[in-house]
Amino acid sequence: MKTTKIVIKNLFGIREAALDGRSVELVGPKGSGKTSVLDAIRYALTNRSDRDYIIHQGADEGEIIIETDTGLSIDRKTRTAKADSVRVQNGNMLQTRPAEFLSGIFTPLQLDPVAFTQMPRQEKNRVILSLIDFS
């Protein structure tokens, strides 16, 4: 599965950003939004954030859209005056239980690869071996 589109509007430190699915290198000075991009993607997939705020200061609504080459589409909105919403479509099928669906296709380490780099060597080996099917 390859990401073909990511659009972020008014989430965390980002007013608006659009990525077209090509490889992206996030570079810039402290406070320029590098971590905000990663946090927005994690938020789209899990509806969780460690931040004190989600919606960009001064906005009433934040949104992230993620689309893949397999037909998976995620559109998560968070609002100050209305209930949050998430729409997950897999091909032509709208998912009625989006959180359950997303947790079934992404692992915690995929969403936080930095956590993997901070594991002890034995734990990293265990994780890698658990991904390999062998007798």
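- Annotation for Ser49 and Tyr43: closest pair CB-CD1, 4.4 Å, computed over non-hydrogen atoms.
- Between Thr46 and Leu102 there is no side-chain heavy-atom pair separated by less than 4.5 Å.
- With sequence neighbours excluded, no residue forms a side chain to side chain contact (heavy atoms under 4.5 Å, CB included) with Ala83.
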One pair to check against side chain to side chain contact (heavy atoms under 4.5 Å, CB included): Val86 and Asn47. What are the steps and the verdict?
CA-CA 9 Å; Val86 62; Asn47 195 33; over 6 Å; no
When you look at Asp75 and Glu63, which way does the side chain to side chain contact (heavy atoms under 4.5 Å, CB included) test go after all the steps?
CA-CA 7 Å; Asp75 184 353; Glu63 179 179 28; 2.7 Å; yes
Could you walk me through whether Leu72 and Ile105 pass side chain to side chain contact (heavy atoms under 4.5 Å, CB included), step by step?
CA-CA 11 Å; Leu72 177 63; Ile105 61 173; 3.8 Å; yes
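- Across all non-hydrogen atoms, the minimal contact from Glu67 to Ser73 is CG-OG, 4.0 Å.
- For the atom pair CD1 of Ile66 and OG1 of Thr4, the computed distance is 10.5 Å after rounding to the nearest 0.5 Å.
- Within the hydrophobic cluster formed by Ile, Leu, Val, Met, Phe, Trp and Tyr side chains joined at under 4.5 Å, directly or through other members, Val114 stands alone, with no partner residue.
- Counting only residues at least two apart or in different chains, side-chain hydrogen bond (donor to acceptor under 3.5 Å, both in side chains) contacts with residues 87-98 comprise Arg87-Gln89.
- In the hydrophobic clustering, Val7 connects to Ile65, either directly or through intervening members, whenever side-chain heavy atoms lie under 4.5 Å apart.
- Counting all heavy atoms, side chain and backbone alike, Gly13 lies closest to Ser36 at N-OG, 3.1 Å.
- Remark: Asp20 pairs with Arg22 by the salt bridge (Lys or Arg N to Asp or Glu O under 4.0 Å) rule, at least two apart or across chains.
- Every residue two or more places apart in sequence or in another chain that forms a side chain to side chain donor-acceptor pair (under 3.5 Å) with Glu123 is listed here: Arg126.
- Lys124 places no side-chain N or O within 3.5 Å of a backbone atom of Gln118 that could act as its donor or acceptor partner.
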Show me the side-chain donor-acceptor pairs of residues 52-61 shorter than 3.5 Å, one per line, residues at least two apart or across chains.
{"from": "Tyr53", "atom 1": "OH", "to": "Arg51", "atom 2": "NH1", "distance (Å)": "3.4"}
{"from": "His56", "atom 1": "ND1", "to": "Arg15", "atom 2": "NH1", "distance (Å)": "3.4"}
{"from": "Glu61", "atom 1": "OE1", "to": "Arg79", "atom 2": "NE", "distance (Å)": "3.0"}

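- In terms of heavy atoms, Ile74 sits closest to Ala44 at CG2-O, 3.8 Å.
- Between Ile64 and the choices Asp39, Ile8, Ile14, Leu45, the side-chain contact (heavy atoms from CB on, under 4.5 Å) rule is met once, by Ile8.
- With sequence neighbours excluded, the residues that form a side chain to side chain contact (heavy atoms under 4.5 Å, CB included) with Asn125 are Arg121.
- Residues Ile6 and Leu26 fall within the same hydrophobic cluster, defined by Ile, Leu, Val, Met, Phe, Trp and Tyr side chains chained together at heavy-atom separations under 4.5 Å.
- No single ILVMFWY cluster, assembled from side-chain heavy atoms under 4.5 Å apart, contains both Val27 and Leu38.
- Judged as a side chain to side chain donor-acceptor pair (under 3.5 Å), and not counting sequence neighbours, the contacts of Thr68 are Thr70.
- The closest side-chain heavy-atom distance from Leu11 to Thr78 is below 4.5 Å.
- Under the 4.5 Å side-chain heavy-atom criterion for Ile, Leu, Val, Met, Phe, Trp and Tyr, Ile128 and Met119 are members of the same hydrophobic cluster.
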